[in-house]
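Notes follow the structure.
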Amino acid sequence: MDERQLRILRELGELGSVTAVAEALRVTPSAVSQQLRLLQRPIPVPLTERDGRRLVLTAAGQALADAAIGVETALARARHAVDAFVDRPDGTVSVAAFHSGAAAFFPLLLRGLTAPGSPRLTLHDEDVAQEDFPPLTRDYDLVLAHRLDHAPAWPRTTTVTPLLREPLDIALPVGHPLAARPRLTPGEIADQPWITVHDGFPLLATVEAVAAAAGRRLDIVHRVNEISVVAELVAAGGGVALIPRWTARPHPDVVLRPLDGVQALRHVDVLHRPERTARRAVRTVLTALVRAAETVRGRG
């Protein structure tokens with residue numbers, strides 16, 4: 001039995017005829033009769049009987065019709081609870097981000113969503129390889145992810161909201177001979193010691209592209225994923241590195257120079273499952289992320 005069948009049985013008890021039920025529910029009499037037959041099928045006692053030309057409820061049918069009132073009431077309460085949850089402006093929204101994305105966007109989110117009735121944020125850092133970002137949408141409402149400009153697109157099963165198409169610059173210590181140049185080429189930086197990410201993480205493919213453009217193997221001496229730590233190593237003379245132009249926090253002892261001859265760009269996107277944005281609170285946070293991206297881009 002389902003809600004529609006119980007509703008028809010209840011209406012039959014109140015209105016007294018199939019025709020009247022059909023008119024009240026705006027369906028055909030045959031549709032009413034069919035649903036009554038389907039309702040009767042698993043029940044071992046008759047729910048209706050003929051009283052002359054009228055179809056009326058038996059005692060069992062009346063008992064079930066009375067119970068249907070409770071069913072409809074419970075379902076109405078359940079729908080109201082769902083509607084209230086979906087439309088609640090201050091609901092809890094979980095957001096995950098890779099490290100430099102978290103450093104750039106999380107403070108802006110916290111400062112931008114302080115008004116009464118704003119969503120309650122739960123923030124998480126997730127430093128994963130590119131292919132592992134989409135699965136995170138199972139666990140979080142919104143996932144800030146990054147991928148290189150020439151890397152495969154995110155899977156079609158994931159909804160994507162673009163935030164940034166961010167340049168990747170060469171980071172050098174202040175006072176380095178190459179820091180005086182306005183732009184750098186792969187050939188000029190290929191013989192430097194390098195600091196880069198671990199295997200499988202997005203920035204590594206651009207480092208490999210630098211080596212290919214220069215026609216030589218790079219001397220990778222340090223592997224560190226956290227951008228702020230990379231900046232400290234660069235400042236200490238540990239090598240050169242690729243650092244995102246807008247999301248990385250500026251370091252007083254590090255200079256950034258654009259790179260020519262290599263497509264050094266990354267996408268910063270929000271990934272989520274389509275059903276997540278049915279909630280008003282999630283839509284509010286997504287809008288706040290788009291606004292925050294304008295602020296982050298302006299830093300460059």
Side-chain angles (χ1 to χ4, degrees), residues 97-109 125 127 130 133 144-151 154 160-190 192-198 201-211 213-214 218 220 222-270 289-300:
F98 58 97
H99 287 162
S100 61
F105 282 90
F106 284 179
L108 294 173
L109 277 184
D125 66 327
D127 190 36
Q130 179 179 323
F133 280 111
L144 270 73
H146 60 140
R147 67 174 182 86
L148 293 179
D149 197 44
H150 57 274
W154 302 114
V160 180
T161 299
L163 294 181
L164 299 171
R165 191 165 178 258
E166 183 178 27
L168 304 172
D169 292 331
I170 297 297
L172 304 158
V174 171
H176 191 285
L178 293 176
R181 298 178 181 271
R183 307 183 70 87
L184 298 171
T185 66
E188 291 171 325
I189 56 174
Q192 300 291 317
W194 275 79
I195 308 161
T196 189
V197 295
H198 294 278
F201 287 81
L203 295 184
L204 186 61
T206 300
V207 174
E208 293 168 348
V210 170
L218 301 184
I220 297 176
H222 307 295
R223 289 187 180 269
V224 176
N225 281 8
E226 174 52 58
I227 296 297
S228 62
V229 177
V230 171
E232 293 292 345
L233 296 180
V234 170
V240 302
L242 279 170
I243 285 186
R245 182 177 300 174
W246 299 323
T247 53
R249 183 171 299 174
H251 192 292
D253 298 320
V254 174
V255 296
L256 300 183
R257 293 293 179 261
L259 180 62
D260 287 335
V262 170
Q263 191 176 6
L265 293 163
R266 74 170 178 178
H267 292 262
V268 178
D269 302 315
V270 183
L289 284 169
V290 173
R291 286 198 305 265
E294 294 296 326
T295 300
V296 171
R297 188 183 294 110
R299 294 170 180 169

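Contact detail for L218 and A211: the closest heavy-atom pair is CG-CB, 3.7 Å. Residues A214 and P186 come closest through the heavy atom pair CB-O, 3.7 Å. Among all heavy-atom pairs drawn from L144 and G101, the shortest one is CD2-O, 4.2 Å. Across all non-hydrogen atoms, the minimal contact from A97 to A102 is CB-N, 3.7 Å. V240 and I170 get closest at one heavy-atom pair: CB-CG2, 4.4 Å. Of all the heavy atoms in A213 and G261, the pair that sits closest is CB-O, 4.4 Å.
Atoms OG1 and CG, from T196 and L203 in turn, are 6.5 Å apart once rounded to the nearest 0.5 Å. Atoms CG and CG, on D169 and L259 in that order, are 8.5 Å from each other to the nearest 0.5 Å. Summarising the geometry, atom CD1 belonging to I227 is positioned 13.0 Å from atom NE2 belonging to H251; distances are rounded to the nearest 0.5 Å. The structure places OG of S100 at 8.5 Å from CG of D127, a figure rounded to the nearest 0.5 Å.
Within a 6.0 Å sphere centred on CZ of R223, heavy atoms belonging to other residues, nucleotides or ligands number more than 12.
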Exercise for the section: With side-chain contact (heavy atoms from CB on, under 4.5 Å) as the test, would you mind laying out the steps for L184 and D260 before giving the verdict? Expected result: CA-CA 6 Å; L184 298 171; D260 287 335; over 6 Å; no

Practice task
For side-chain contact (heavy atoms from CB on, under 4.5 Å), just list the numbers for T247 and H99, CA-CA rounded to whole Å, side-chain angles, deciding distance to a tenth of an Å, and then say yes or no.
Solution key: CA-CA 10 Å; T247 53; H99 287 162; over 6 Å; no

Exercise for the section: Decide side-chain contact (heavy atoms from CB on, under 4.5 Å) for R147 and F133; before the verdict, give the C-alpha distance in whole Å, the side-chain angles of both, and the deciding distance to 0.1 Å. Expected result: CA-CA 10 Å; R147 67 174 182 86; F133 280 111; over 6 Å; no

Exercise for the section: Carefully, step by step, assess L178 and Q192 under the rule side-chain contact (heavy atoms from CB on, under 4.5 Å). Expected result: CA-CA 10 Å; L178 293 176; Q192 300 291 317; 4.1 Å; yes

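Under the side-chain contact (heavy atoms from CB on, under 4.5 Å) test applied with L265, the options D149, L168, T206, L164 reduce to a single match, D149. Applying side-chain contact (heavy atoms from CB on, under 4.5 Å) to V234 and the options V254, V255, L256 leaves one that passes, V254.
Side-chain atoms of R257 come within 3.5 Å of backbone atoms of R181 as a donor-acceptor pair (strictly under, hydrogens ignored). Between the N225 side chain and the H198 main chain, a donor and an acceptor come within less than 3.5 Å of each other. In this structure a side-chain-to-backbone donor-acceptor pair under 3.5 Å is missing from H267 to D269. Distance alone, capped at 3.5 Å, is enough to place a donor-acceptor pair between the W194 side chain and the I189 backbone.
Salt bridge status for R266 with E166: present, with a side-chain N to carboxylate O gap under 4.0 Å. Salt-bridge formation is not detected for the pair R291/E294: no Lys NZ or Arg NE/NH1/NH2 atom is positioned less than 4.0 Å from an Asp or Glu carboxylate oxygen.
In this structure, the side chains of L163 and V290 come closer than 4.5 Å at one or more pairs of heavy atoms. Residues V270 and V160 have side chains not in contact (no heavy-atom distance under 4.5 Å, counting atoms from C-beta outward).
Aromatic ring pairs are classed by plane angle as parallel below 30°, tilted from 30° to 60° and perpendicular above 60°; the pair H146 and F98 is parallel.
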